[in-house]
Chemist: 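Let me give you the structure first, and then I'll get to my questions.
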Amino acid sequence: MKSLKKKIILPVILVASIGLLSLALIAYTFSKKIIINNIETITEEKVEKLVVNVENKFEQWKEKMEMISTMHAAQTLDYNTVFKYIEDHRKFFKEYEVVLISDIDGNYEATNGVSGNISDREYFHKTLEGQTVISEPKISKSTGNPIIVVSAPIRDNEDKIIGLVAGTINLSVITDIINDEKFGNYGYAYMFDSHGATVAHPTEDDLFKSANKDLKNIIRRMIRGEEGTEYYFYNGEKKLVSFKPVKSTGWSIGMSANYDEMTKSIEMLKLYVLITSVIILILIGGVLYFLTNSCVKPINKLKEYMEVAAKGDLTVQSNIKSNDEIGVLSNSFNTLIKENKRLLEETLEYDKLKTEFFSNISHELKTPLNIIFSTMQILSLYSNKNELDSEKLNKHINIVNQNSYRLLRLVNNLIDTTRIDSGFQNLNLQNKNIVEVIENITLSTVDYVESKSREITFDTEIEEKILAFDPDQMERIILNLISNAVKFTNPNDKIEVNIYDKKESILISVKDTGIGISEDKQKIIFERFRQVDPLYIRKNEGSGIGLSLVKSLVEMHNGNICVKSKCGEGTEFIIEIPVKLVSKEENESYIEEFIPQCNIDKIHIEFSDIYS
């Protein structure tokens, strides 16, 4: 037999291993996604910051050129005065290598003493159109350095453009701005102009030429003025880049990050998760071994108790006390043993009840048979002596009939009880006026009830209530209840049959002013073969089947029956039947109609155990 410890420990360790590894994988994947998203967000924020910084710088440079262009000396093309002003404010204009003033034909003079013509420059023509522009990177004619030019138009007093003022800024200034923003140890920023030329880069003069296919595609997107975040490989390293255009120039700035550097923490996390999982598994194994030992011991003890109980000793009780499942199991075992003892006692009680029932049945069968047999003997004796007149004959015939009805009722009840238990008893439901049916049944018993010195009345809240019920079985239910009322009342007592309308249901009440039923006996009167009084002391005849059969027939109508009673004050049986209808086809399929005047034989059968 496989050890219980192994059955518990091995599956738990296996499940825990799978669970921890799955959890570790999910944690790693989720954390990796969060970290990468965070890296992407940071690069996007950094490139956004760079774009804002560059845009602000460009605006400052434009404002300075526009300020010079509005000077009176500039409007009169007084080069010397303008240059002297710039020299006096060199700190303010420190970003500019050279400042030049050009007339409308492109002839210029510069602060470094160089003169020439710039009519071939693209920025010259854009400026003469009235724009303050920043040029694409180019080589300075006066210094030979890579520069950008910031130029603003000069207007006279009549707002006519008469030339331009321009300042050259070394590309290294822009490179310094770009390089100020870094990401980690290996992340950097770079800038391209609208033609794809490298404006700023920490190592390369022309990044596009040295780029692979993926990077070239990214650069092309940057040139087109798009923004986004992409991954690419450069010199064997995986990189992340976020890029965004500088709207005022059509240039684009990218912020690059080294993927392996940024995700190094993820790899460390993976190692930590793996080590932690192994440690947790070892701890789980140790704790599980300890817990299994603590659980198996009381289980083995409980098993010994069960083996004792299995041998038939129902006095055994478990003394295991704990607040866990073992304790619950121990209590359940004790409860089970007690329940088995109770069931055994109930079985013995049932056997006793069964013996009493057969005694009742024997008595119920024997008594009418003896009466019939003795009556026939008396009739035979009278006949032999020629002393049989019509009065004596009728009297003894009535005795024979009553006891024959009594036997017939007992047999019918037994047969119907068996049919109900086996599921072969069906109702013939018809849509009929239940008020009329109950009234006819009640009125049909008036003569019989009055002959027993009782009074019976019928009353109703409504004159008509159509619902689906079996008239024959309803007749049997009502006659049985009236029979009980007659049997357990005294002369001059009253019996009332009432109908109450509850809209969704109908209440039928059979109430008497008889001897009543004690509260402790009310619980058993609907149980089969049970009677309020035992055979040897009871005053009235009966097999104990009637009320059980009534309850079954009521429940077959989807209804219920209850009793209200007080000793010495009377008893009321209340039946509640739901108001439902059957279809027209089902209603018409039952051809036999209920006879308004109840058959007197049925009354004799149901009332057969009532004696004067």
Chemist: Does the side chain of V82 reach to within under 4.5 Å of the side chain of Y85, using non-hydrogen atoms?
Modeler: no
Chemist: Just by modelled atom types, is the I34 backbone N or O under 3.5 Å from a matching donor or acceptor in the N38 side chain?
Modeler: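 Not a single qualifying donor-acceptor pair exists.
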Chemist: Looking at every non-hydrogen atom in both residues, tell me the closest pair between W251 and I174 and how far apart they are.
Modeler: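 Heavy atoms of W251 and I174 come nearest at CZ3-CD1, 4.1 Å.
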Chemist: Look only at the side chain of T70 and the backbone of M67, and say whether a donor-acceptor pair between them is shorter than 3.5 Å.
Modeler: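 Yes, T70 side chain to M67 backbone: donor-acceptor pair under 3.5 Å.
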Chemist: I'd like to know if K57 pairs up with E59 as an ion pair, taking the criterion as any Lys NZ or Arg NE/NH1/NH2 lying under 4.0 Å from an Asp or Glu carboxylate oxygen.
Modeler: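 Judged by the 4.0 Å cut-off on N to carboxylate O distance, K57 and E59 do not form a salt bridge.
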Chemist: The test is ring-ring contact (aromatic ring centres under 6.0 Å, His included); show your working for Y190 and F192 and say whether it passes.
Modeler: CA-CA 7 Å; Y190 44 80; F192 296 104; 5.6 Å; yes
Chemist: Taking side-chain contact (heavy atoms from CB on, under 4.5 Å) as the criterion, tell me which of I134, T132, L128, T127 meets it with S151.
Modeler: T127
Chemist: For Q75, give me all partners under side-chain hydrogen bond (donor to acceptor under 3.5 Å, both in side chains), at least two apart in sequence or on another chain.
Modeler: none
Chemist: If I take atom OG from residue S172 and atom CD from residue E97, how far apart are they, to the nearest 0.5 angstrom?
Modeler: 7.0 Å
Chemist: To the nearest 0.5 Å, how far apart are CG in N107 and CG in L77?
Modeler: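 Separation between the atoms: 11.0 Å.
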Chemist: OG of S135 to CD1 of I147: how many Å apart, nearest 0.5 Å?
Modeler: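 The CD1 atom of I147 is 6.5 Å from OG of S135, to the nearest 0.5 Å.
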Chemist: So, for M222 and G254, which heavy atoms are closest and what is the spacing to 0.1 Å?
Modeler: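 Scanning both residues, the minimum pair turns out to be CE-N, 3.6 Å.
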Chemist: Between the side chains of E555 and K551, is the shortest nitrogen-to-carboxylate-oxygen separation below 4.0 Å, so that they form an ion pair?
Modeler: yes
Chemist: Could you list the residues that satisfy side-chain hydrogen bond (donor to acceptor under 3.5 Å, both in side chains) with S248, not counting sequence neighbours?
Modeler: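 Here the qualifying residues are E55.
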Chemist: Check for a donor-acceptor pair, side chain of K46 on one end and backbone N or O of Y188 on the other, with a separation under 3.5 Å.
Modeler: no
Chemist: For the atom pair OG1 (T229) and CD1 (I36), what is the distance rounded to the nearest 0.5 Å?
Modeler: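 CD1 of I36 is found 12.5 Å from OG1 of T229.
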Chemist: Begin with the C-alpha distance, continue with both residues' side-chain angles, and end with the deciding distance and a verdict on side chain to side chain contact (heavy atoms under 4.5 Å, CB included) for I253 and F243.
Modeler: CA-CA 6 Å; I253 298 176; F243 47 91; over 6 Å; no
Chemist: With side chains defined as the heavy atoms from C-beta onward, is the minimum distance between L467 and I506 less than 4.5 Å?
Modeler: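 Yes, side chains in contact.
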Chemist: Where is the tightest heavy-atom contact between M255 and L50, given as atom of each residue plus distance?
Modeler: SD-CD1, 4.1 Å
Chemist: Ignoring hydrogens, what is the shortest heavy-atom contact between T43 and A257? Give both atom names and the distance.
Modeler: CG2-CB, 4.1 Å
Chemist: Not counting sequence neighbours, list each pair that qualifies as a salt bridge (Lys or Arg N to Asp or Glu O under 4.0 Å) and has a residue in residues 107-127.
Modeler: D120-K141, E122-K126
Chemist: Report yes or no: do D78 and T76 form a side-chain donor-acceptor pair below 3.5 Å?
Modeler: no
Chemist: What about W61 and F93, are their ring centers closer than 6.0 Å?
Modeler: no
Chemist: Checking K238 against Y231: charged group under 6.0 Å from the ring centre and within 45 degrees of the axis?
Modeler: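 Yes, K238 sits over the ring of Y231.
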Chemist: What I'd like to find out is whether the side chain of I118 reaches to under 4.5 Å of the side chain of L164, using heavy atoms alone.
Modeler: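 I118 vs L164: side chains touch.
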Chemist: Compare all side-chain heavy atoms of K465 with those of D501 and state whether any distance is below 4.5 angstrom.
Modeler: yes
Chemist: Salt-bridge test for K244 and E226: reply yes if a basic N is under 4.0 Å from a carboxylate O, no otherwise.
Modeler: no
Chemist: Drop me the distance from T111's OG1 to I101's CD1, to the nearest 0.5 angstrom.
Modeler: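 Taking OG1 in T111 and CD1 in I101, the distance rounds to 9.5 Å.
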Chemist: One thing to verify: whether K160 and D156 come together as a salt bridge, which I'm taking to mean a side-chain N less than 4.0 angstrom from a carboxylate O.
Modeler: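 The answer is no: the pair does not qualify as a salt bridge.
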Chemist: To the nearest 0.5 Å, tell me how far L507 CG sits from E461 CD.
Modeler: 8.5 Å
